[in-house]
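Keep in mind that the numbers below use all heavy atoms, side chains included, and drop hydrogens, waters and symmetry copies. Order of the sequence lines fixes the chain letters, A, B, ..., with proteins taken first and strands second; residue numbering starts at 1 for each chain.
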Amino acid sequence: MHNDEIAGIFEQLADLLEIDGANPFRVRAYRNAARLLRGLPEEAADMLARGEDLSQLPSIGEDLAGKIAEIVETGRLETLQALKKTTPAGLAELTRIPGLGPKRVRLLRDALGVKSPAGLRRAAMSGKLAQLPGFGVKTQANIRAYFDSDRSGEKRTRLADAEKVAQRLVAYLEGAADRKHIVVAGSFRRSCETVGDLDIVVASASPQKVMDRFAAFDEIATVAGKGKTRATVRLRSGLQVDIRAMELASFGAACVYFTGSKAHCIALRKRGVSKGLKVNEYGVFRRDKSIAGETEKDVYAALGLPLIPPELREDRGEIEAAEKGKLPRLVALGDIRGDLHVHTKASDGRDDIRAMAKAARARGYDYLAICDHTKHARIAHGLTPSRLERQIDRIDALNEELSGIRILKSSEVDILADGSLDMPDSVLAKLDLVVGAVHFDFDLTPARQTERIIRAMDHPAFSILAHPTCRLIGARDPMRVQMERLMDAALERGCYLEANGQPERLDLNDVYCRMAKERGLKLALSTDAHSTEQLDFMRFSLGQARRGWLSPGDVINTRSWRDLKSLLKR
DNA sequence: GCCGTTTTCGGCCCGACTGTTTTCAGTCG
């Protein structure tokens with residue numbers, strides 16, 4: 001039983017309790033517990049197995065500790081099963097329809113006997129909906145429109161896809177009159193792997209002009225709301241965008257507020273209350289007097305804290321760390337000395353070794369590891385032993401010729417079903433480093449998958465495990481592996497795990513990055529680039545690493561080649 | 001349901017916008 005699964009049960013319980021009219025603070029307690037579990041760098045089940053007291057965790061008390069134990073032991077939660085009898089699970093889906101929240105859904109259940117989206121649709125079409133108190137023809141029309149519309153665009157958008165939209169929108173808003181600063185805030189700024197919407201904050205002396213220009217952006221499909229200072233639209237791509245125009249004096253406070261996370265902001269406001277301060281998107285106030293607001297630094301300083309980097313703002317201990325002066329110095333692009341996983345056109349990349357090396361040099365790197373696939377990866381035109389040997393010679397020649405960049409001889413060796421490597425030892429011995437990866441048989445049992453990979457790590461040449469879970473965001477679930485075991489095995493064997501920067505992979509993710517750090521395991525931040533431009537995917541690898549609290553010392557490719565070499569197996 | 005330099009009980013973050021209303025509840029972020 002993984003933390004995500006336990007969290008999912010608590011989230012479902014919270015949704016249904018809320019509809020049932022439970023104490024809202026009790027509902028929040030379940031949501032807080034779910035959030036904590038999703039960010040926990042250790043499996044609650046393992047902590048229980050070691051006899052740890054989960055009620056020592058923040059926001060977990062006696063009751064929730066007991067419920068976690070119940071879920072781990074039985075796979076289910078009796079409280080949830082009982083509640084589902086009166087409040088069917090289908091009702092929770094209704095709260096995801098815009099304009100419907102728990103109170104209205106409860107009314108739908110009690111007055112019309114609605115149990116699911118299908119039931120709501122019937123009520124809306126028959127016209128009964130508009131008769132309910134608090135509902136009206138407009139609400140009914142909105143709900144009908146929801147059922148008529150294509151709702152496929154409402155799923156979360158990958159960070160890299162959101163980035164393209166954000167860049168176009170920012171460029172467009174740059175033309176707004178009187179605008180001073182534009183920040184894309186929200187989960188985008190926190191480098192979350194996917195974003196639900198884009199939150200844009202603009203500092204301007206004439207907010208109305210910013211709103212008007214925004215509303216005329218040519219990618220807008222529908223305008224959901226538009227006021228004097230804020231507006232919400234949906235783009236044709238399905239992505240929702242919220243914009244807020246603020247006075248310069250409030251810009252920092254607005255950036256804090258709209259960058260979130262919600263949990264982080266709530267924690268900040270609570271901290272404010274304890275100091276007799278009110279914190280909102282306009283500033284920090286003592287009684288009615290503003291004491292901060294123009295910059296984020298001022299806002300945090302007014303709360304007695306140093307500026308907290310956006311990637312850490314998840315209420316996962318960053319406020320406590322900031323208070324004690326123990327925030328990590330997060331790894332940044334300038335710390336990266338080379339990329340340890342790229343492809344060339346010898347396998348499934350687009351560019352040749354020379355072009356990749358020059359592109360790496362142009363990015364200020366000292367080294368670049370060429371990691372083409374091996375022959376088992378047939379669709380990727382994987383290299384046979386003899387082709388790899390020729391590539392090794394080619395790299396030796398290029399290293400003679402090119403200055404300012406060292407090309408490392410490497411390979412993304414397939415880890416075969418039994419854990420052996422798809423390349424003879426005699427060839428592996430000629431490489432500077434060996435990167436290995438799983439590319440098939442993703443659905444072994446967790447124990448077998450873990451043993452397969454550990455067997456590969458046992459190989460005397462194996463150094464880095466690429467994209468350890470093999471997940472593809474929104475397309476393929478992560479492999480089921482025993483991650484703690486894998487990390488401990490890597491530590492024992494002098495191996496490292498990769499944080500892969502391909503936008504659909506981001507594997508390891510933030511939580512696993514932090515888990516590695518807590519165990520003392522260092523990571524390789526790599527792009528898995530298949531073209532020269534993709535070397536810039538390092539920013540996505542860094543995003544997850546920074547969300548996982550990693551410092552330069554936690555990352556092997558922040559070192560010079562000489563120092564890195566001493567960390568690698570040969 | 002959690003939590004405690006004010007509390008073991010009584011608190012628990014804050015404001016904009018919409019649609020329903022005649023002063024505001026619900027939703028949303």
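With R547(A) as the partner, the salt bridge (Lys or Arg N to Asp or Glu O under 4.0 Å) test is satisfied by one option alone out of E314(A), E311(A), E193(A): E314(A). Evaluated for a side-chain contact (heavy atoms from CB on, under 4.5 Å) with I243(A), the options V202(A), L169(A), D199(A), T232(A) yield exactly one hit, V202(A). A salt bridge (Lys or Arg N to Asp or Glu O under 4.0 Å) with R38(A) is found for one member of D4(A), D315(A), D510(A) and no other, namely D4(A).
Distance check on atom C1': dC14(B) versus dT22(B) gives 26 Å, rounded to whole Å. Comparing the C1' positions of dT20(B) and dC24(B) gives an interatomic distance of 9 Å, to the nearest angstrom. The P atoms of dT18(B) and dG11(B) are separated by 34 Å, rounded to the nearest whole Å. When the P atom is used for both dA16(B) and dC9(B), the distance is 38 Å, rounded to whole Å. The P atoms of dT21(B) and dT27(B) are separated by 15 Å, rounded to the nearest whole Å. Spacing between dT8(B) and dC2(B) at atom C1', rounded to whole Å, works out to 12 Å. Of the C1' atoms belonging to dT23(B) and dC17(B), the separation is 16 Å, rounded to the nearest Å. To the nearest whole angstrom, the two P atoms, one in dT6(B) and one in dC12(B), are 16 Å apart.
Judged by closest nucleotide on DNA chain B, G227(A) is the one of G99(A) and G227(A) placed further toward the 5' end. Between T232(A) and K278(A), the residue anchored closer to the 5' end of DNA chain B is K278(A), taking for each the nucleotide with the nearest heavy atom.
Between D554(A) and R514(A) there is no salt bridge, since none of the side-chain N atoms of the basic residue sits less than 4.0 Å from a carboxylate O of the acidic one. Salt bridge annotation for E296(A)-R189(A): present, with a cationic side-chain nitrogen under 4.0 angstrom from a carboxylate oxygen. Salt bridge annotation for E163(A)-R168(A): absent, with no cationic side-chain nitrogen under 4.0 angstrom from a carboxylate oxygen.
In this structure, K103(A) atom NZ and dT18(B) atom C1' are separated by 16 Å, rounded to whole Å. As a whole-Å value, the separation of F285(A) CZ from dG15(B) C1' is 11 Å. The separation between L100(A) atom CG and dC28(B) atom P is 7 Å, rounded to whole Å. Atom-to-atom, CZ of R230(A) to C1' of dC14(B) comes out at 11 Å; the value is rounded to the nearest Å. One interatomic measurement links the two molecules: CD of E70(A) to P of dG1(B), which rounds to 12 Å at whole-angstrom precision. Residue Y257(A) contributes atom OH, which lies 10 Å from atom P of dG29(B) at whole-angstrom precision. In this structure, the CD1 atom of I19(A) is 10 Å from the P atom of dT27(B), given to the nearest Å. Rounded to whole Å, atom C1' of dC2(B) lies 15 Å from atom CG of L17(A).
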Given the rule in the salt bridge (Lys or Arg N to Asp or Glu O under 4.0 Å) test, do R271(A) and E323(A) qualify, once you have shown the distances and angles that lead to the verdict? CA-CA 11 Å; R271(A) 184 179 172 86; E323(A) 180 164 44; 3.1 Å; yes
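Nucleic acid contact for L268(A): none, since no nucleic acid atom lies under 4.0 Å from a heavy atom of the residue. F258(A) comes within 4.0 angstrom of no nucleic acid atom, judged by non-hydrogen atoms across all strands. L277(A) comes within 4.0 angstrom of nothing in the nucleic acid, heavy atoms only. Note on V27(A): nothing from the nucleic acid sits closer than 4.0 angstrom, heavy atoms only.
The cationic group of R104(A) lies under 6.0 Å from the six-membered ring centre of F135(A) and within 45° of the ring axis, placing it in a cation-pi geometry. Under a cutoff of 6.0 Å and an axis angle of 45°, R244(A) and F258(A) do not form a cation-pi pair.
Between the side chain of S250(A) and the backbone N or O of A253(A), no donor-acceptor pair lies under 3.5 Å. Checking side-chain atoms of K517(A) against main-chain N and O of W549(A) turns up a donor-acceptor pair under 3.5 Å. When atom types are taken as modelled, the side chain of D197(A) and the backbone of D242(A) share no donor-acceptor pair closer than 3.5 angstrom.
Residue T229(A) has a polar side-chain atom (N or O) positioned under 4.0 Å from OP1 or OP2 of dC17(B). Side-chain nitrogen and oxygen atoms of K67(A) include at least one within less than 4.0 Å of the OP1 or OP2 phosphate oxygen of dG1(B). OP1 and OP2 of dA16(B) both lie 4.0 Å or more from every side-chain N or O belonging to K226(A).
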Any chance you could list the contact pattern along nucleotides 3-12 of chain B? Use B for base contacts, S for sugar-phosphate-only contacts and - for none, protein heavy atoms under 4.0 Å, 5' to 3'. S--------B
At under 4.0 Å between heavy atoms, which parts of nucleotides 19-24 of chain B does protein reach? Answer with one letter per nucleotide, 5' to 3': B base, S sugar-phosphate only, - none. SS----
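Nucleotide dG15(B) is matched to dC28(B) when pairs are restricted to Watson-Crick or G-U wobble geometry with both distances under 3.5 angstrom.
In the set dG1(B), dG15(B), dC14(B), dG15(B) carries the atom at the smallest distance from any side-chain atom of Y282(A). Comparing atom distances between the D242(A) side chain and each of dC28(B), dG1(B), dG29(B) picks out dG29(B) as nearest. Listed nucleotides dC14(B), dG1(B), dG15(B) differ in distance to L64(A); the shortest reach to its side chain belongs to dG1(B).
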